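Below: the structure, in structure tokens.
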Amino acid sequence: MNRTVNQKAWFLVLPVLVLVAFSAVIPLMTVVNYSVQDSFGNNQFFWAGLEWFEEILTSERVHNALGRQIVFSAIILAIEVPLGILVALSMPKRGFWASLSLVLIALPLLIPWNVVGTIWQIFGRVDIGLLGWTLRNLGVDYNYTQNALDAWITVIVMDVWHWTSLVALLAYAGLQSIPEAYYQAAKIDQASRWSVFRYIELPKMQGVLLIAILLRFMDSFMIYTEPFVVTGGGPGNATTFLSIDLVKMALGQFDLGPAAAFSLMYFLVILLISWVFYTVMVNLDRRGER
Amino acid sequence: MARITLSGLAHSYVPDPADPDDWALKELNMTWQDGSAYALLGASGCGKSTLLNIISGLLAPSRGRVFFGETDVTDAPTAERNIAQVFQFPVVYDTMTVRQNLAFPLRNRGADADYVRRRVESIAAMIGMEAELDRKARGLTADAKQKISLGRGMVREDVSAILFDEPLTVIDPHMKWELRTQLRALHQQFGHTMIYVTHDQTEALTFADRVVVMHDGRVVQTGTPEELFERPEHTFVGYFIGSPGMNLLDAQVFGDTAWVGDHAVPLSGNYRPVRGRVQIGIRPEFVSLTSDGEGLPVEVSRVEDVGRYRIARAHHEGEPVNAVVAEGAAVGTGRARAVFAPERINVYVEDWRVAPEAEQGRAAR
């Protein structure tokens, strides 16, 4: 085959380069720039080296936020993934009811995040919210603005309400792709319901579940809007997750240097954990093949 | 193991079937003898798989009953029927090893470990997968997976019947032949009732003791391969079985002569007067071409050499007439006369075979 050498072809890549430069590289480099400098205002900057990184790495405040973040992500994954699968398994497979349940299930996903926050903020209020008021009148001592545990429960239930649908829809798509013959063969082989799930449905859903877990992990690890609207990070710092803490630091206190260092490390942590997730699950998938 | 009886069986996928075309399976009464190997032959969409799924209990029939021996199993779930079925496309449990796959039906029925191991090993030897026993099923090729499916179908010894739904579609031709031979051997060894669905006549004729031909939701004929070849009861059987299929010509039959247009074709027996569309059918094997003489005038358009014999493709007034010509016999394109062996001609009225008077008389006695 004859290859035509034409270096001008590189110009075809230019639009993408420009786009990526403006949308990702330049903003990111601005953050990098801030992270190694200090400023006392007036747009005057001084070289600070790795000082801010050291400060963030040793900051107890950041450690606590990271801890809360990890616990939060772990809890919502532990609830949303099994629950999503369960929902997907109990949805009708075809016909009118299948379409209806798909629409209903997808509804929470269509609501803007700050509206979700507002809904739950009002829903949980003990004076006017349906949930808060009902619980209060049932004699449950519930108040998410004062009790840290109540605040956590509210934020978690809200996230489960908002995002289980995503897992359910992905799992449902995975289930729908299983040919009928598999279920028929399982009947012939006299497999139990559990075996059908364990040996047919779960393996066939593995791919979409991997995506669901990755998406839910990344999103929950970066969660900001909903808890911010509901609890504002409180009571105290009880629901101050990484991004809420970051915004407080960057815009509340205007500590641009530490906040920049913080966000860079935040970014790297998400990248690292996602990579580990992905690698582990892909390898699980390949295990046993030669 | 048991005799399988279908009584007044019919099935429609439409909730309220009104039109005859709504019935995927038209009313059917038949008995599958215990220990026989059957082939269920027919074109795609003729109801073969529907019938199979009703027997295995994956589908509940709209009408009629299914009996295993004397027991009515129409409402019994698949598990209670103790039947094995192999599907067209491979079904394997991806995350299990080949060994676990083969053992699965036995394990589910609580067989003891020692028996399972012995049984799995003998099946593995049969399908030629001993070396891969401890490999995960996921990474295997389609035909290896299908061999596992076949193995899983045969691993239980006490099944009432083994049903095969076009199981060799994805297998390569060489392996196809080998596996079919093994299925046959297995049948002779264990005497399971086997029902083998296929649209491939070679497969059907080589596998089965009896071939059940289905057409348009109906069983049109059940018989040995010879019967299907010599006495097709329905034009579909004539056309579907044989390569090329039976020649069919519109004709009028009076007594012992069929008239194709103005040309008389002698028959071997007397026929009672019939009404409706009449056709005569003759297999290409029993058509001889001559350059002169009394036969039906035809125009030979093409002669195909298929190895042991040649096929002459000819037409009589637009209707195809094929003839099998022995190797070495002279035949060329152009005008010729086709002579039909009278005793090999079948007469069809509205697609169904009618017997000559002599044969009817015999049947009556």
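These numbers come from a predicted model, not from an experiment.
- The most heavy-atom pairs under 4.5 Å with chain A, out of B/S56, B/A84, B/G57, B/A79, come from B/A79.
- Taking OG1 of B/T78 as the reference point, atom OH of A/Y183 lies at 15.5 Å (rounded to 0.5 Å).
- Shown here is A/R94, whose CZ atom has no more than 12 heavy atoms of other residues, nucleotides or ligands within 6.0 Å.
- In this structure, B/Y115 places its OH atom where more than 12 heavy-atom neighbours from other residues, nucleotides or ligands lie under 6.0 Å away.
- A/S195 places a side-chain heavy atom less than 4.5 Å from the side chain of B/F104.
- Note that CD of B/E80 is 9.5 Å distant from CD of A/Q190, once rounded to the nearest 0.5 Å.
- In this structure, NZ on A/K187 lies 13.5 Å from CD1 on B/I83, to the nearest 0.5 angstrom.
- Within the model, atoms CD of A/Q206 and OG1 of B/T95 stand 8.5 Å from one another, a figure rounded to the nearest 0.5 Å.
- By the 4.5 Å heavy-atom criterion applied to side chains, A/I188 and B/R152 are not counted as neighbours.
- In the displayed structure, B/Q189 atom CD is contacted under 6.0 Å by more than 12 heavy atoms of other residues, nucleotides or ligands.
- Ranked by non-hydrogen atom pairs under 4.5 Å with chain A, the options B/N82, B/V92, B/L106, B/V86 are led by B/V92.
- With a threshold of 4.5 angstrom between heavy atoms, B/R156 approaches chain A through side-chain atoms but not through N, CA, C or O.
- Around OH of A/Y266, the count of heavy atoms belonging to other residues, nucleotides or ligands within 6.0 Å exceeds 12.
- In B/R184, the CZ atom is crowded: over 12 heavy atoms of neighbouring residues, nucleotides or ligands sit closer than 6.0 Å.
- Taking each heavy atom of B/P105 and A/D189 in turn, the nearest pair found is CG-OD1, 3.5 Å.
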